[in-house]
Amino acid sequence: MYAKVIVDVPAKQTNRAFDYFVPEAMRSWVAIGSRVGVPFGPRKVQGFVIDLHTRSDLDPSKVKPISEVMDLYPPLTPDLVQLAGWISRTYLCHEITALQAMIPGALKAKYERHVKAADDSLGGNGESGQFAMLLPEQREMIRYVRDKGSVQLESLLEKFGSDAALIKQLMAEGLLYEVQMIKDRMAAKKVLTVFPADNAELLKEAESQLPARAAKQKEVLRYLADHPAPIKLTELLHELGISAGTVKSLADKGLLTIKEVEVFRDPYAKRSFAKTRPLPLMPEQQQVYGRISRAVAAREHRVFLLHGVTGSGKTEVYLQSIQTCLDQGREAIVLVPEISLTPQMVERFKGRFGDQVAVLHSRLSHGERYDEWRKIMLRQVSVVIGARSAIFAPFTKIGLIIIDEEHESSYKQEESPKYHARDVAVARASQHDAVVVLGSATPSLESMHGTLAVSAAARRAATGGMPGGAPAITEAGAAAAADTALNERVPFELLTMHNRVEGRPLPPVHIIDMREELRTGNRSMFSRALYKAIEERLHKKEQTVLLLNRRGYSTFVMCRTCGYVAQCPHCDISLTFHQSSRAIRCHYCGYAERELTVCPSCGSEHIRHFGTGTQRVEEELGKLFPGIRVIRMDVDTTTEKGSHEKWLTMFRNRQADVLLGTQMVAKGLDFPHVTLVGALAADTVLNLPDFRAAERTFQLLTQVAGRAGRHELPGEVFVQTYAPEHYSIISASRHDYRSFIDKEMTLRKLHQYPPFHRLILITLSHEQIPLLMRTAESMAVRLKELAKESGLSQVEILGPVASPIARIKDRYRFQCMIKYRGEASISGLVKRAVASFEDVERQHKMTISVDVDPQVLM
DNA sequence: CGCGCTCATGCA
DNA sequence: GCATGAGCGCGG
């Protein structure tokens with residue numbers, strides 16, 4: 001039997017399967033999805049088995065055997081392996097990169113090189129022949145290695161001063177040899193556990209026979225007689241206030257055993273979750289739930305786009321739909337944006353499904369995440385709630401995939417593989433005949449467009465198949481054929497919930513024209529109306545949420561005399577002032593310097609920090625409303641583990657009057673006493689050079705407005721802006737999704753942007769501008785050539801132009817954009833174009849990155 | 001990617 | 001004449 005293996009070498013030349021022989025002894029272990037160690041050239045690397053076959057037309061002198069199987073059970077399911085192939089072809093990354101993205105970081109290979117001594121390395125009497133020819137130092141090395149049995153190469157080099165040549169020579173002589181090991185970065189956590197002897201009589205008897213001075217040991221035996229279950233060693237020690245030696249000596253007497261037992265690190269172990277029962281559904285919820293649950297019951301691959309206004313009770317619909325799925329013995333995956341994976345959210349799922357839920361998010365430690373993942377592997381859970389990568393949960397019977405806040409841009413991964421979790425979810429669901437629910441109060445244009453789109457199959461049928469006839473049956477052809485099913489797009493079905501639960505109205509939204517405020521002499525960051533509203537809430541002891549969305553574009557530093565702006569010396573970006581460290585920092589490379597007091601350019605002392613960050617708002621609030629209690633939530637205050645939760649709990653307990661934060665306060669929070677929401681600068685996002693700016697602004701304002709008046713107390717929203725007439729702001733203020741989407745769709749169509757046209761962004765970067773420009777230029781030419789050759793008419797090549805951030809970490813950046821229509825993938829074209837620049841990449845250390853369906857055009 | 005093989009260049 | 005170093009192509 002042979003295995004096709006994708007090796008852990010992310011390079012163009014190795015981005016294909018290699019055949020290995022599966023030794024007889026391994027046959028019951030090796031399966032599709034297994035992690036294996038294989039010899040690769042002169043070294044040993046990790047790889048994934050993607051296929052097993054018995055083809056015997058392989059050159060037996062070339063094929064090597066698999067050297068080890070890494071896991072008891074394959075960490076990937078066959079459908080995930082297939083999905084990895086699809087991801088690598090769709091998003092143009094190495095297949096290994098896609099495979100690696102599917103397993104927890106803890107299982108990423110760590111390569112260790114160890115040195116061992118050959119059996120006869122000391123020669124006959126140790127001082128003759130070969131051995132006598134060696135340097136004293138080398139003899140010492142051999143002795144050292146021999147003593148230790150096996151030494152890590154690096155530590156040997158360190159110990160004997162770094163002369164690799166000496167060791168190499170010893171290896172060439174056959175006195176030492178190298179063993180390569182592949183290790184996991186993380187192992188299952190083990191806890192020493194005490195197992196009392198089975199025989200209770202024996203324990204009693206032993207207790208009476210122990211000498212009186214062994215009082216502690218007697219105490220342990222008595223305790224174990226009362227509590228015969230296994231107990232953690234530490235717990236036992238703590239309970240009885242004794243030392244490990246006592247227990248150890250009992251173990252030596254054979255009265256108990258101490259063993260290492262694998263345990264799960266449970267991040268939620270210390271918390272109990274109140275069990276919740278299904279809530280009665282409102283008519284609208286009932287209808288939506290009915291549609292979803294019927295599709296789940298029918299085991300049909302369907303995609304629902306659930307448009308539900310904020311507070312319409314989407315989560316309850318999710319919970320009950322999941323219950324339907326579990327009742328059928330199938331599993332469910334719930335994706336939420338990292339930022340809204342709040343304890344509140346987790347609580348609702350744990351409360352309903354208890355131990356059946358695994359939680360995956362980035363704040364878990366490597367070990368915790370690994371353990372949650374293992375619960376999925378071992379089928380101990382049937383629901384996963386997590387951020388983007390949870391879409392790869394190794395379930396085998398998926399019935400339902402829910403993507404909450406489906407419009408969130410964080411579902412797109414910005415590093416390779418640059419996949420979009422929404423699209424991967426649809427592909428994965430089609431493998432399982434599962435239902436996808438995309439939920440949002442502000443569905444993305446892409447998803448809305450999906451409700452209009454005709455399925456690719458229907459279109460192909462209409463146009464008479466692929467251009468150029470049937471593809472030849474090559475390996476690539478076979479892969480493409482396997483992808484067809486995954487590329488099949490069912491039209492999305494739109495479900496709508498217009499009403500908030502219990503008929504609470506959406507809060508009125510007031511737009512405040514900040515130009516008008518300025519004209520009438522108010523230079524503060526608070527408009528008069530918002531100021532009054534906050535004051536009122538303080539009086540009534542109600543709470544306020546304030547949003548200031550800076551997205552990293554916080555204050556820049558400028559000299560008022562000469563106009564000098566502090567910039568990063570390595571990136572084309574302004575430096576940002578950080579109050580806490582009194583430093584100015586680059587957001588892209590981390591470069592920092594001390595706060596400016598004099599202008600480095602003209603020597604003037606008129607340095608001013610422009611733009612308003614959350615820190616300044618906090619300061620200002622303190623000045624305007626003495627005694628006000630403010631909680632500030634942004635990246636600076638929530639990096640610490642658990643801090644996010646801590647602040648929110650404080651706010652919930654009304655230990656603060658105002659919750660001030662960046663977009664993290666806009667998502668999913670639900671506090672009964674919040675009656676006022678203020679967006680301080682609604683147009684920060686609007687002014688970004690991105691065709692999605694209006695969409696993002698509309699989404700953000702709608703989301704944040706949804707935080708007010710969710711319970712008995714009515715709410716009110718103030719939106720401060722310099723662009724009060726902009727349609728995104730007006731539509732958001734009227735809670736009018738329909739008018740926004742109509743307007744935005746029209747504009748996108750007119751300007752040929754997504755979702756009507758699709759984009760592929762190719763970014764080239766290099767230290768030197770001339771070479772970079774030349775290469776980018778020929779990249780565009782090559783793309784145009786290939787587009788023409790392939791007869792694709794609806795493909796447009798734009799650029800090259802300098803990227804919006806023209807330099808990062810001393811590397812200049814240029815980009816080409818491909819705009820094209822329809823579902824037909826043009827990845828083959830891009831792949832070929834990029835391939836023809838392989839030599840430039842290598843020779844000149846040029847970097848070329850490809851982003852299919854980019855979310856950010858930086 | 002990392003290795004070793006090849007070939008060019010430099011000094012005995 | 002061989003030793004040292006950067007570039008190339010290969011890996012099952």
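Numbered from 1 within each chain, the chains take letters A, B, ... in sequence-line order.
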**Item:** Interatomic distance where NZ belongs to A:K62 and P belongs to C:dC10 [whole Å]
**Value:** 10 Å
**Prompt:** CD of A:E838 versus P of C:dC8: gap in Å, rounded?
**Reply:** 13 Å
**Message:** Tell me the interatomic distance from A:I66, atom CD1, to C:dG11, atom C1', rounded to whole angstroms.
**Reply:** 16 Å
**Request:** Starting at atom CZ of A:R43, determine the distance to atom P of B:dG4, rounded to an integer number of angstrom.
**Result:** 10 Å
**Request:** Answer yes or no on whether A:R374 is positioned over the face of A:Y370, meaning its NZ or CZ is under 6.0 Å from the six-membered ring centre and within 45° of the axis.
**Result:** yes
**Asked** Hey, does A:F40 reach any base, or is it just sugar-phosphate, or nothing, if we go heavy atoms under 4.0 Å?
**Response** base
**Request:** Could you tell me whether the side chain of A:R842 has a donor or acceptor atom within less than 3.5 Å of a complementary atom in the base of C:dC8?
**Result:** no
**Complete:** Separation of C:dG12 atom C1' from A:R55 atom CZ, nearest Å, is 12 Å
**Prompt:** Do the numbers put A:R113 on top of the ring of A:Y111, so that NZ or CZ is under 6.0 Å from the six-membered ring centre and no more than 45° off the axis?
**Reply:** no
**Prompt:** Between A:K12 and A:E838, is there a salt bridge with N-O shorter than 4.0 Å?
**Reply:** no
**Message:** Need one value for A:V63: base, sugar-phosphate or nothing, where a base atom within 4.0 Å counts as base even if backbone is also close, heavy atoms only.
**Reply:** sugar-phosphate
**Prompt:** Has the side chain of A:K183 got a donor or acceptor atom that lies under 3.5 Å from a matching backbone atom of A:K110?
**Reply:** no
**Prompt:** Within this structure, what is the CZ-to-P distance between A:F21 and C:dG11, rounded to whole angstrom?
**Reply:** 21 Å
**Asked** Within this structure, what is the OH-to-C1' distance between A:Y111 and B:dC3, rounded to whole angstrom?
**Response** 15 Å
**Asked** Out of C:dG12, B:dC3, B:dC1, which has the shortest distance to the side chain of A:V9?
**Response** B:dC1
**Asked** B:dC1 C1' sits how many Å from A:K108 NZ, rounded?
**Response** 12 Å
